[in-house]
There are 2 protein chains.
Amino acid sequence: MREAYKDQLDGILDDLVIMTHQVKRAVSQSTIALLTGDAGVAEQVISDDADIDRARERIEDKCFELLSLQQPVAGDLRQIVAGLRMVAELERMGDLAVHVAKVARLRLPHTAVPESIEPSVRRMAAVAQDMVSKVAVVIAERDVDAAREVEAADEEIDKLRRATFQEILDPGWAHGVEPAIDIALLGRYYERIADHAVSLARRVVFLVTGEHPGAQH
Amino acid sequence: MREAYKDQLDGILDDLVIMTHQVKRAVSQSTIALLTGDAGVAEQVISDDADIDRARERIEDKCFELLSLQQPVAGDLRQIVAGLRMVAELERMGDLAVHVAKVARLRLPHTAVPESIEPSVRRMAAVAQDMVSKVAVVIAERDVDAAREVEAADEEIDKLRRATFQEILDPGWAHGVEPAIDIALLGRYYERIADHAVSLARRVVFLVTGEHPGAQH
C-alpha cells in the first residue's frame, strides 16, 4: 500500500514532465507560426491547447485523490501542493503560446515580425523554448544545477526584451505602430513563459533542498 | 477542537478578503499614479507590494498548517486548495498593479497616457478596480450573484481594450510608437487583473455550488 502511494506521488512528477514537453512543443510551434506565417501551424497550437488543459485536469485530479485518500504530511504534502502549482503554471505557459500563435494568425498572410527585428525575436523565443526544455530535465532528474541554468537564462530573456524595445523605439524604426505593438506584446508573452519556467525550476529546487524559491515579479 | 478548526478554515477566507482589499488599493493607486504622474504614489504602490507578498506567505502557511494537522477531506480540502490558488492569484494581481506603477514611473515627469486616450484607459482601470472590489464581496459573502457580475464586467474590459487598440492604430494617432506601446501593455495588465478577478470569483462559485469554473485564457 505504502509502495503504491509512493509510486502515485512520483507519477505526478512524471506526468508533469510529459506536460512540460507538451508546453515546449506549443512554444516552439507557436514561434514557427510566428516567424513563417504558417496558418496551419498556428491553428494547430491553438487547438492542441485543449490537450494541455486536459493534462492539467488529469494531474489535478490525481493530486486531489492523493490529498483525500492518503492524507499526506510534511514532504509528501509539500510535493503534492507543489504539483498543483506547477500544473497551473504549465497550463498558463500553454495559454501564452496560444497568444503567440494568435498574434501570428492575426497578421496572416503576412508575418507579424518585420525582417529587421526577426533575429532578436527568434533569439528570445529560442531562449524561452530552451528554458522550458531544461525545466523538463529539472523535474525529471530533480536536477538542481539545471534549475540554476534556467534562472541564468532568464537574465538573457530580459536583456533581449530590452534590446527589442530599443529597436522598436529607435527613430529609424520604419514599420509603424502596429508591428511595434505586436513585438512589445510578444516580448511580454515570451518573458512570462520564461518567468514561469524559472518559477517551476525554483519549486523543484525547493522540493529537493527545502530552500525557498524567491518571489516572482 | 472541531470548532477551532472550522474557525481556522473560515479565517482563511477572511484573510483573503483583507488581501483582496490590499490588491484593490494597489490597483486604484497605480491608476492614480498613471493618470496623474504622481511619483510618490507610484513608489508607494511598488514598495507596498511587499505587504501583499507577506500576506500571501501568511495565508499559505495557514493553509499548510491546516492540511498537515487537520488532514481535511472533501469540501474542506477543496476550500483549502482553493485558498492556496486564490492567494497566488491575488499576489499576481498585486504584481500587475506594480507593473502599471512602473509604466507611470518610467514616463515621469510626464504621464504615460496621452490626453486623447485618457478616458478609455481611465474607464478600463475603473472597471478592473470595480471587479476587484466585487471579488472582495464575493469572497466575504460567498455571493454567487456578485460573482456573475464580475464575469459580466470582464466583457466590458475586453471591449475597452479593443477600443484602445483602435485608437492607437488609427492613422490619426499622433503620439508615436512609445505611448502606443505603453497603452498596449497597460491594456494587457488591466486585462490580466480582470482575468484573475473572474477566476477568483469562479473559484468561490465552485466552493459554494460545486459548479466547475471554466478555463481562463
Side-chain angles (χ1 to χ4, degrees), chain A residues 46 49-50 52-54 56-57 60 63-78 80-82 84-85 88-89 91-92 94-96 98-99 102 164-165 167-171 173 175-185 187-189 192 195 199 212 214-217, chain B residues 46 49-50 52-54 56-57 60 63-78 80-82 84-85 88-89 91-92 94-96 98-99 102 164-165 167-171 173 175-185 187-189 192 195 199 212 214-217:
Chain A
I46 295 163
D49 191 51
I52 294 178
D53 293 347
R54 267 193 297 273
R56 173 192 172 139
E57 278 169 36
E60 279 187 351
C63 290
F64 267 94
E65 208 183 293
L66 277 174
L67 285 172
S68 292
L69 302 179
Q70 304 289 349
Q71 312 207 324
V73 292
D76 293 350
L77 175 61
R78 206 166 65 177
I80 297 169
V81 171
L84 282 170
R85 285 171 172 162
E89 297 210 66
E91 190 200 23
R92 186 75 208 127
D95 291 344
L96 288 161
V98 167
H99 284 318
K102 283 185 176 170
T164 58
F165 264 90
E167 288 182 65
I168 54 185
L169 292 175
D170 191 276
W173 175 257
H175 306 285
V177 171
E178 189 171 89
I181 291 172
D182 283 345
I183 301 297
L185 289 174
R188 177 82 189 142
Y189 300 147
R192 289 299 300 152
D195 285 346
S199 170
H212 220 298
Q216 272 282 302
H217 280 270
Chain B
I46 294 163
D49 191 52
I52 294 179
D53 294 346
R54 267 192 297 273
R56 173 191 172 139
E57 277 169 38
E60 279 187 351
C63 289
F64 267 94
E65 208 183 293
L66 278 174
L67 284 173
S68 293
L69 302 180
Q70 304 291 350
Q71 312 207 322
V73 293
D76 293 351
L77 174 61
R78 207 165 66 175
I80 297 168
V81 172
L84 281 169
R85 285 171 172 161
E89 297 209 65
E91 190 199 23
R92 185 75 208 125
D95 291 343
L96 288 160
V98 167
H99 285 316
K102 284 186 175 169
T164 58
F165 264 89
E167 289 182 66
I168 53 184
L169 293 175
D170 191 276
W173 175 257
H175 307 285
V177 172
E178 190 171 271
I181 291 172
D182 283 345
I183 301 298
L185 289 174
R188 177 81 189 142
Y189 301 146
R192 289 299 299 153
D195 285 345
S199 171
H212 221 298
Q216 272 283 301
H217 281 269

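Quick note on labels: first sequence line is chain A, next is B, and so on, each numbered from 1.
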Can you tell me which portion of [X] sits under 4.5 Å from chain B's heavy atoms? Options are side chain, backbone, both or neither.
X: A:Phe64; result: both
X: A:Ala88; result: neither
X: A:Ile183; result: neither

Could you measure the distance from the [atom1] atom of [X] to the [atom2] atom of [Y]? Nearest 0.5 Å is fine.
X: A:Glu60; Y: B:Arg85; atom1: CD; atom2: CZ; value: 4.0 Å
X: B:Leu84; Y: A:Leu84; atom1: CG; atom2: CG; value: 8.0 Å
X: A:Leu67; Y: B:Arg78; atom1: CG; atom2: CZ; value: 14.0 Å
X: A:Arg188; Y: B:Arg192; atom1: CZ; atom2: CZ; value: 9.5 Å

For residues [X] and [Y], report the shortest heavy-atom separation together with the two atoms involved.
X: B:Ile181; Y: A:Ala184; result: CG2-CB, 3.6 Å
X: B:Gln71; Y: A:Val73; result: NE2-CG1, 2.9 Å
X: A:Ala180; Y: B:Val177; result: CB-CG1, 3.6 Å

Q.
Out of B:Gly176, B:Cys63, B:Ser68, return the one with the most heavy atom pairs under 4.5 angstrom to chain A.
A. B:Ser68

